[in-house]
Asks: 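I have a structure I would like to understand better, so I am pasting it below and will then ask my questions one at a time.
To find a chain, count down the sequence lines: A is the first, B the second, and so on, and within it residues start at 1.
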Amino acid sequence: MFRKHALIRKELMEMVRTSRLLIWIVFCAFFGIASPLTAYFMPDILSMVGATENIVINIGTITYGDALEQYTKNFSQIGTIVLILISMGSVAAEKADGSIQFLLVRPVGHVAIVGAKLATLAAMLLIGIAISAVAMGFYTWYLFPGFPVFPFVVSNIFLLLYFFTIGSVVIAISTMVDKPILAGVGALGIWLLSSLAGMVRTLGDFSFVKLVDQVVQTVEGFPFEWEPTAGALLLMCVTLPLGIMRFSRWEPTD
Amino acid sequence: MGMIETTDLKKRYSSVTALDGVTLSIEEGTVFGFLGPNGAGKTTLIRILTGMIGASGGSYTIGGEKGQAARTHIGYLAQQPTFYGWMTGRELLEISGSLYGMSTSLLERKIPEMLRLCGVEDAADRKIATYSGGMRQRLGIAQAILHDPKVVFLDEPVSALDPIGRKEVLTLIGILRERTTIFMSSHILDDVQRVCDEVAIIHKGTIRIHEKTDNLLRLHAKPVVILEFATREDVALCSEVLQTLGIPCGKVNYELSIPSDVFETKRGEILSLIGSGDLRLERLNRKDATLEEVFMHHIEEVPHVS
């Protein structure tokens with residue numbers, strides 16, 4: 001019990017001291033606030049731009065759907081990059097500088113080490129997405145009457161699962177390689193491939209990137225589609241054991 | 001059964017054999033010095049015994065236990081310890097103790113004691129990134145002994161330190177000998193001779209010799225008499241004549257070394273030879289037996305005086 005707590009405590013301390021948590025929270029808060037505001041003021045912004053160029057830009061009525069679309073698309077895309085950047089060194093950097101040896105000679109297994117990293121990743125994502133969901137929910141409800149706040153808050157579970165899948169893949173690759181940059185490039189590659197696979201009929205339904213679409217579908221009242229969730233779980237079930245297996249055979253090179 | 005037992009341990013990396021059947025038995029309470037040149041297999045053996053890497057063959061026990069269970073009995077200090085720079089020294093000890101299952105109340109009692117013992121009390125609440133090499137090494141020893149392990153593995157504990165840091169760490173090792181079994185690798189022979197009860201020499205992955213330090217010096221190293229001449233030519237000439245007379249000697253630069261017992265029995269003969277040959281003898285010294293002589297002999301890098 002002490003051992004698991006110690007591992008999680010170490011990871012939480014690291015997350016706070018290296019500012020990873022702060023970066024993620026600020027990023028989430030920014031998108032939570034900026035998405036509804038940008039959508040609301042978009043006609044004014046475009047008309048100002050049109051006025052300076054002597055052209056008239058007509059756009060339709062802005063609804064909460066526009067705010068939601070900005071939130072899901074921008075947040076998920078830029079958030080993926082940010083998450084990869086802040087997580088890619090989670091194991092690889094410790095291997096590169098040798099600090100992982102501190103854990104490896106203690107009576108804790110490789111699974112526990114990776115498990116603690118996943119648990120703190122989940123905590124970090126949960127805090128950030130909770131903040132973004134509250135900010136987005138409040139501003140959208142305030143600016144766009146009729147916005148279904150409760151379904152929106154619930155729908156963020158899909159965003160959480162999406163980011164957790166990305167984070168897990170980054171950690172899994174980070175356990176396999178010795179340089180953080182390789183973990184970042186590998187995770188980016190899997191994300192791009194999954195995005196491309198999402199365009200393929202039938203098979204694409206299982207791409208985890210489609211979890212982002214589930215946010216909009218849940219708010220709009222469409223039924224739950226299980227395929228992206230299954231795809232996300234399958235991806236984690238493949239990459240994490242592979243990563244742990246490779247990690248357990250890792251040897252310092254110095 | 002010894003505190004550390006290894007049987008035919010092997011480690012191979014594709015075509016390279018890092019360890020080739022290492023069998024050792026080290027008794028409880030021993031300060032064991034593990035000697036060898038760079039690349040001999042010292043760090044590889046320590047990494048296997050600490051559970052950091054797997055062996056390609058053979059087996060080992062620490063305190064009678066194998067695998068992960070054995071890890072609860074060990075403390076480890078790496079050659080160049082890298083700890084989390086964002087942690088403070090005290091936090092590192094807290095995390096380390098908790099990972100060995102120590103309770104909070106026990107940690108509250110033990111951590112100040114260890115910080116005091118290892119001389120890092122004043123820096124305990126500073127970030128490790130700000131520590132000097134010597135402080136980091138002493139903190140490393142503190143984290144290695146905090147949980148009262150049965151065995152402490154120290155991988156080249158003083159090789160990266162300045163003379164002051166080296167002296168501090170060796171003093172600390174001297175204090176530790178009363179608490180635990182110490183397995184210390186090094187290539188600094190003076191340090192090993194000073195602190196270790198038992199020594200093994202490893203070369204090219206095999207144990208060349210394993211003895212009590214006293215026995216090793218008594219049985220395998222002999223005191224020598226050093227004759228220092230004015231010129232190299234005198235050294236060469238004297239060496240040549242002595243060898244024709246069947247007197248063993250070794251020459252290095254301006255010096256000729258003769259085993260002390262041989263010199264005593266043939267003292268008159270040797271000195272008259274020097275006098276009659278008009279050789280310019282500058283100095284005559286007696287040198288005690290050292291581990292260096294044994295070490296050099298067993299790794300076959302320079303000829304042994306015999």
Asks: Which of the residues Gly85(B), Gly54(B), Ala70(B), Ser96(B) is involved in the greatest number of heavy-atom pairs with chain A at under 4.5 angstrom?
Replies: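 Counting heavy-atom pairs under 4.5 Å, the top option is Ser96(B).
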Asks: May I ask you to say whether Glu94(B) pairs ionically with Arg9(A), meaning some side-chain N is under 4.0 Å from a carboxylate O?
Replies: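 Salt bridge between Glu94(B) and Arg9(A), a charged N being under 4.0 Å from a carboxylate O: yes.
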Asks: State yes or no: are the ring centers of Tyr162(A) and Trp191(A) separated by less than 6.0 Å?
Replies: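 Judged by ring-centre distance (under 6.0 Å), Tyr162(A) and Trp191(A) do not meet the cut-off.
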Asks: Can you tell which part of Tyr76(B) gets under 4.5 Å to a heavy atom of chain A, answering side chain, backbone, both or neither?
Replies: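 Only the side chain of Tyr76(B) comes within 4.5 Å of chain A.
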Asks: Less than 4.5 Å to any heavy atom of chain A: does that hold for the side chain of Ile74(B), its backbone, both, or neither?
Replies: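 Looking at Ile74(B), just its side chain touches chain A.
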Asks: To the nearest 0.5 Å, how far apart are CE in Met114(B) and CG in Leu139(B)?
Replies: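 The CG atom of Leu139(B) is 12.0 Å from CE of Met114(B), to the nearest 0.5 Å.
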Asks: Please determine, among Ile95(B), Thr50(B), Thr72(B), the option with the most heavy-atom pairs under 4.5 Å with chain A.
Replies: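 It is Ile95(B).
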Asks: Going through the distances and angles, do Ser35(A) and Tyr139(A) end up as a side-chain hydrogen bond (donor to acceptor under 3.5 Å, both in side chains)?
Replies: CA-CA 9 Å; Ser35(A) 300; Tyr139(A) 280 101; over 6 Å; no
Asks: Give, as side chain, backbone, both or neither, the part of Glu14(A) having an atom under 4.5 angstrom from any heavy atom of chain B.
Replies: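 Both backbone and side chain.
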Asks: Check whether NZ of the Lys or CZ of the Arg Lys11(B) lies under 6.0 Å from the centre of the six-membered ring of Tyr13(B) and within 45 degrees of that ring's axis.
Replies: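 Flagged: Lys11(B) positioned over aromatic ring of Tyr13(B).
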Asks: Against the six-membered ring of Phe247(A), is Arg249(A) placed for a cation-pi contact (under 6.0 Å from the centre, within 45° of the normal)?
Replies: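 Checked: cation-pi criterion not met.
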Asks: Given that the side chain runs from C-beta out, which part of Arg106(A) has a heavy atom under 4.5 Å from chain B: side chain, backbone, both or neither?
Replies: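 Both backbone and side chain of Arg106(A) come within 4.5 Å of chain B.
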Asks: Select one option (side chain, backbone, both, neither) describing which atoms of Ser248(A) are under 4.5 Å from chain B's heavy atoms.
Replies: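 Contact with chain B is absent: no heavy atom of Ser248(A) under 4.5 Å.
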Asks: Taking side chain as everything from C-beta outward and backbone as N, CA, C, O, which of these in Gln79(B) sits under 4.5 Å from a heavy atom of chain A? Side chain, backbone, both or neither.
Replies: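 No part of Gln79(B) comes within 4.5 Å of chain A.
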